[in-house]
Protein chains: 2
Amino acid sequence: MVAPAGGARRLRQHLLEIFQAAVAAAEPARAVRQHLSLDGDALVVHGIRDSSRVPLLAPGRGRILVVGAGKGSAPMARALEELLGERITAGVVCVKDGHGCSLDRVQLREASHPVPDQRGVAAGTEILELVAGAGPGDLVLAVLSGGGSALLEVPAPGVSLADLQQLTDLLLSCGASIDQINTLRKHLSRVKGGRLGVAAHPARVVNLVLSDVVGDRLDVIASGPFSADPGTFRDAREILERYGLWSRVPGAVREVLEQGLTGAVPETPKPGAPELAGVTHVVVGSNRISLDAAADAARERGYQPLVLSSQVQGEAREVARVLAAVAKECRCTETPLGPPVAVLAGGETTVTLRGGGRGGRNQELALALALELEGWEGVAGLSGGTDGSDGPTDAAGGLALPDSVARGDAAGHDAYASLAQNDSYHYLDAVGDLIRTGPTRTNVMDIQVLLVAAAP
Amino acid sequence: MVAPAGGARRLRQHLLEIFQAAVAAAEPARAVRQHLSLDGDALVVHGIRDSSRVPLLAPGRGRILVVGAGKGSAPMARALEELLGERITAGVVCVKDGHGCSLDRVQLREASHPVPDQRGVAAGTEILELVAGAGPGDLVLAVLSGGGSALLEVPAPGVSLADLQQLTDLLLSCGASIDQINTLRKHLSRVKGGRLGVAAHPARVVNLVLSDVVGDRLDVIASGPFSADPGTFRDAREILERYGLWSRVPGAVREVLEQGLTGAVPETPKPGAPELAGVTHVVVGSNRISLDAAADAARERGYQPLVLSSQVQGEAREVARVLAAVAKECRCTETPLGPPVAVLAGGETTVTLRGGGRGGRNQELALALALELEGWEGVAGLSGGTDGSDGPTDAAGGLALPDSVARGDAAGHDAYASLAQNDSYHYLDAVGDLIRTGPTRTNVMDIQVLLVAAAP
């Protein structure tokens with residue numbers, strides 16, 4: 001039942017190449033380059049469905065300001081420098097320590113992530129002041145990526161980072177949702193929840209976003225500094241009251257919320273707010289865009305691609321079973337597509353820890369997939385984190401081939417037992433099915449690729 | 001965010017109609033009628049991909065024998081009687097107690113299910129003798145459905161039903177797989193594992209199968225009485241030895257296996273065995289066939305169908321999340337298809353019990369789906385068991401609408417808490433989202449339907 005060595009080798013090779021294409025499409029500088037171009041005196045913004053032209057004034061008549069935050073924001077800014085060169089007047093981007101790159105006209109700042117620090121506040125203040133000074137003829141180019149929420153923060157007056165941390169801890173301990181926590185944070189910030197966009201008004205803003213969240217919600221990525229915020233001060237208060245926290249949060253937090261409720265502090269901008277009318281959002285990198293790149297790479301190798309979803313969440317081992325079921329149906333009844341086919345999915349799964357083993361969500365998904373595909377000649381799969389780092393391991397993910405379990409048996413490893421112990425890393429390492437890319441310096445979550453070769 | 005009442009009502013109505021179409025396609029008599037017809041003096045067998053003609057000799061020159069077992073075998077035999085009338089010479093089918101229907105020429109036998117009893121052995125013996133007497137000009141029409149393995153059994157000489165039960169219990173307690181248990185059973189039976197097909201040789205056999213197993217494996221459904229068996233007596237012995245059971249199984253069991261190992265009892269027929277060359281298998285009902293019927297019903301209502309897989313297994317609540325992710329991608333990026341679209345899947349999920357609530361795998365899947373689809377206007381889904389019976393409840397499954405969770409909130413029911421307690425039945429009952437069909441007298445496992453309406 002095992003595919004000829006050549007066939008299995010080819011499947012493995014194709015899987016890795018398709019995954020690499022997905023990762024490459026998310027590389028921050030490339031993502032920006034793919035979505036922006038110059039056409040005479042206009043900047044052309046290539047969105048997923050349409051393009052728009054942003055006229056550039058002659059140098060000296062209108063300024064171009066580059067701002068941004070996030071782990072990938074430095075290479076994103078670098079791509080803007082390569083495109084616009086000396087047309088860029090000034091700029092500041094804030095990256096996680098060690099994530100910088102050489103920049104000519106944009107100032108590079110480093111700060112702490114995931115726990116924000118004063119350097120992030122200082123950088124955020126610089127950015128806020130820079131965009132607040134922008135006039136109607138100016139253009140703000142923003143570059144945001146994962147980590148931007150921690151790396152770009154200016155708390156409301158009187159509120160300290162420690163206050164925000166204490167608030168977050170209280171909300172988490174009560175089981176508050178991430179959306180609820182964000183409603184609070186946005187109302188205690190001078191930059192989140194669209195406030196940076198309001199500060200930039202009346203300048204034109206092009207907001208270039210590398211998304212690391214399921215569903216690519218612009219109000220969530222980096223806490224949406226240029227996006228309308230449907231939440232209100234009233235919502236923020238109700239959340240605290242629901243959890244009985246109103247009297248337990250730091251006094252400075254309660255003070256800002258009270259000022260907001262009386263109107264002394266303005267609301268975050270709501271959908272349709274005129275101050276945000278000059279903002280153009282462009283998702284330049286995302287799981288969905290990387291899946292499209294994977295689909296192209298699959299097509300080039302002879303597989304008909306089927307992109308199922310970029311929003312897959314759930315227990316990794318169970319997601320593996322559903323994806324395997326789709327691949328098997330392709331093999332058995334040529335539905336939804338007949339082989340050769342590439343079933344593609346992405347998102348962010350989770351792992352419920354049961355054992356004391358080592359692994360990550362992608363490795364666990366790959367091991368579960370190997371059990372599902374055992375003996376299914378010509379069917380193979382992969383799950384990998386686009387950031388190159390899966391769980392507390394040096395691997396990005398793992399492969400699943402029809403002989404993976406047999407190779408494990410031969411090496412004295414029991415796939416079922418390894419999965420039961422969440423020990424996917426040691427199993428995949430033993431059978432040679434780990435994927436190691438090293439850190440990729442980007443993140444659009446995870447990618448799954450299942451290939452179904454033509455019937456033997 | 002809630003859809004207008006008309007829209008939600010229409011979605012609910014379409015979901016139920018599409019599910020009913022799936023169930024109707026699995027109705028045993030209809031399933032047989034759809035796949036057989038008479039053309040002059042030939043029986044035309046309509047397979048999924050092609051048709052074949054079986055010549056019928058003139059009455060008196062060749063006999064037509066009808067045999068079968070399984071919960072749905074009586075209406076399947078009835079459909080044969082309606083088609084062939086007095087051309088049927090004789091016949092015996094064995095159903096579960098109470099699952100009979102009026103038959104003219106075929107003898108109806110009832111037996112115990114799921115634990116077999118002597119009445120099943122007596123019926124099996126009748127069937128064995130009937131087909132063993134068939135000659136080269138005769139035609140055996142077999143009808144098999146879920147439950148056939150228990151309802152059609154003739155143990156090897158010397159082996160009792162109690163011996164077989166004891167063996168099964170021993171194997172289960174050691175963690176043996178169902179495939180391993182079946183290898184043993186087939187080598188201790190005079191009908192399973194293709195032996196009934198060998199007995200029928202040299203008669204022509206048309207084996208009409210209603211499949212209730214994932215993947216529609218003919219060697220698994222009703223233990224494959226007309227199908228080649230890849231397993232051997234040697235495999236059977238090795239399984240017992242692997243679990244240290246060789247000396248612990250009943251003496252009669254060991255004796256039969258020893259006779260098989262020395263060649264005193266013949267092997268089950270292997271793939272390519274000439275004794276089975278005259279057998280034509282036709283899957284007349286299956287999850288896949290019902291999904292196709294659901295796809296037709298969806299298309300008639302304006303939805304482009306996407307059949308993902310008939311082989312979906314896994315934890316019900318996690319399967320819900322993956323299916324929801326596909327529907328959401330359709331809504332957000334028109335991938336894999338743009339709305340209006342019907343995402344269809346089937347198979348058999350499982351539920352890991354955590355709480356003390358009441359429900360079934362379909363109801364649990366529906367409740368988890370409701371949580372995923374909350375607020376997704378125009379997206380709705382359903383999960384239902386085609387047998388009309390989901391878990392220890394009077395429901396077949398449940399619906400998930402974008403306002404299901406809001407309706408639950410309004411009624412004082414917490415969807416998360418209900419799911420955590422495996423209490424889907426009470427939740428869905430309270431919000432009016434249970435599906436109740438009553439027993440359908442068929443079973444091709446479960447069906448999931450997700451509808452994505454055109455953007456509002």
Side-chain angles (χ1 to χ4, degrees), chain A residues 1 48-49 175 177 179 214-217 230 283 286-289 291-292 295 304-337 343-350 352 354 368 372 375-376 416-417 448, chain B residues 1 48-49 175 177 179 214-217 230 283 286-289 291-292 295 304-337 343-350 352 354 368 371-372 375-376 416 448:
Chain A
M1 289 288 282
I48 287 185
R49 298 215 184 141
S177 71
D179 277 352
V214 172
D216 303 335
R217 277 175 56 191
V283 176
S286 68
N287 192 273
R288 184 68 177 72
I289 290 171
L291 284 176
D292 281 345
Q304 203 176 349
L306 175 70
V307 174
L308 283 183
S309 182
S310 64
Q311 305 189 34
V312 174
Q313 297 178 282
E315 186 73 23
R317 64 182 67 195
E318 304 296 332
V319 169
R321 301 184 74 180
V322 180
L323 296 179
V326 176
K328 289 176 184 178
E329 197 69 45
C330 292
R331 161 65 82 223
C332 294
T333 72
E334 307 195 348
T335 299
L337 295 174
V343 177
L344 302 163
E348 197 166 87
T349 64
T350 44
T352 305
R354 298 147 214 246
E372 291 293 322
W376 283 75
Y416 281 102
Q448 287 89 42
Chain B
M1 290 288 284
I48 286 185
R49 299 217 181 139
S177 70
D179 277 352
V214 172
D216 303 332
R217 277 175 57 190
V283 176
S286 68
N287 192 273
R288 184 67 178 74
I289 290 171
L291 284 176
D292 281 346
Q304 203 176 347
L306 174 69
V307 174
L308 284 182
S309 182
S310 65
Q311 306 189 33
V312 173
Q313 297 177 285
E315 186 74 22
R317 62 183 67 195
E318 305 295 333
V319 171
R321 301 183 73 178
V322 180
L323 296 179
V326 177
K328 289 176 184 178
E329 196 70 45
C330 293
R331 161 65 83 224
C332 294
T333 71
E334 307 195 349
T335 300
L337 295 174
V343 177
L344 302 162
E348 197 167 86
T349 64
T350 44
T352 304
R354 298 148 213 247
L371 281 163
E372 290 294 321
W376 284 76
Y416 280 103
Q448 287 89 41

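For the numbers below, each heavy atom of this structure counts, side chains included, while hydrogens, waters and symmetry mates do not. Order of the sequence lines fixes the chain letters, A, B, ..., with proteins taken first and strands second; residue numbering starts at 1 for each chain.
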By side chain to side chain contact (heavy atoms under 4.5 Å, CB included) - contacts of B:Leu371 (at least two apart): B:Val405, B:Ala415, B:Tyr416, B:Leu419
State, to 0.1 Å, how close B:Gly314 and A:Arg321 come at their nearest heavy-atom pair, and which atoms those are. CA-NH1, 3.5 Å
Using a cut-off of under 4.5 Å on heavy-atom pairs, state which of B:Pro336, B:Ala327, B:Cys332 scores highest against chain A. B:Pro336
Pairs of heavy atoms under 4.5 Å with chain B: top-ranked of A:Glu372, A:Gln313, A:Lys328: A:Gln313
Could you tell me which non-hydrogen atom of B:Thr352 sits nearest to which non-hydrogen atom of B:Glu315, and how far apart they are? OG1-OE1, 2.6 Å
Are the side chains of B:Thr335 and A:Arg288 in touch, meaning some heavy atoms are under 4.5 Å apart? yes
Out of B:Leu337, B:Val307, B:Leu306, return the one with the most heavy atom pairs under 4.5 angstrom to chain A. B:Val307
Sort B:Leu308 into side chain, backbone, both or neither according to what part of it lies under 4.5 angstrom from a heavy atom of chain A. both
Test side chain to side chain contact (heavy atoms under 4.5 Å, CB included) applied to A:Val319 - qualifying residues, sequence neighbours left out: A:Val312, A:Leu323, A:Thr349, A:Leu365, B:Val322
Turns out that what part of A:Arg317 lies under 4.5 Å from chain B's heavy atoms comes down to neither
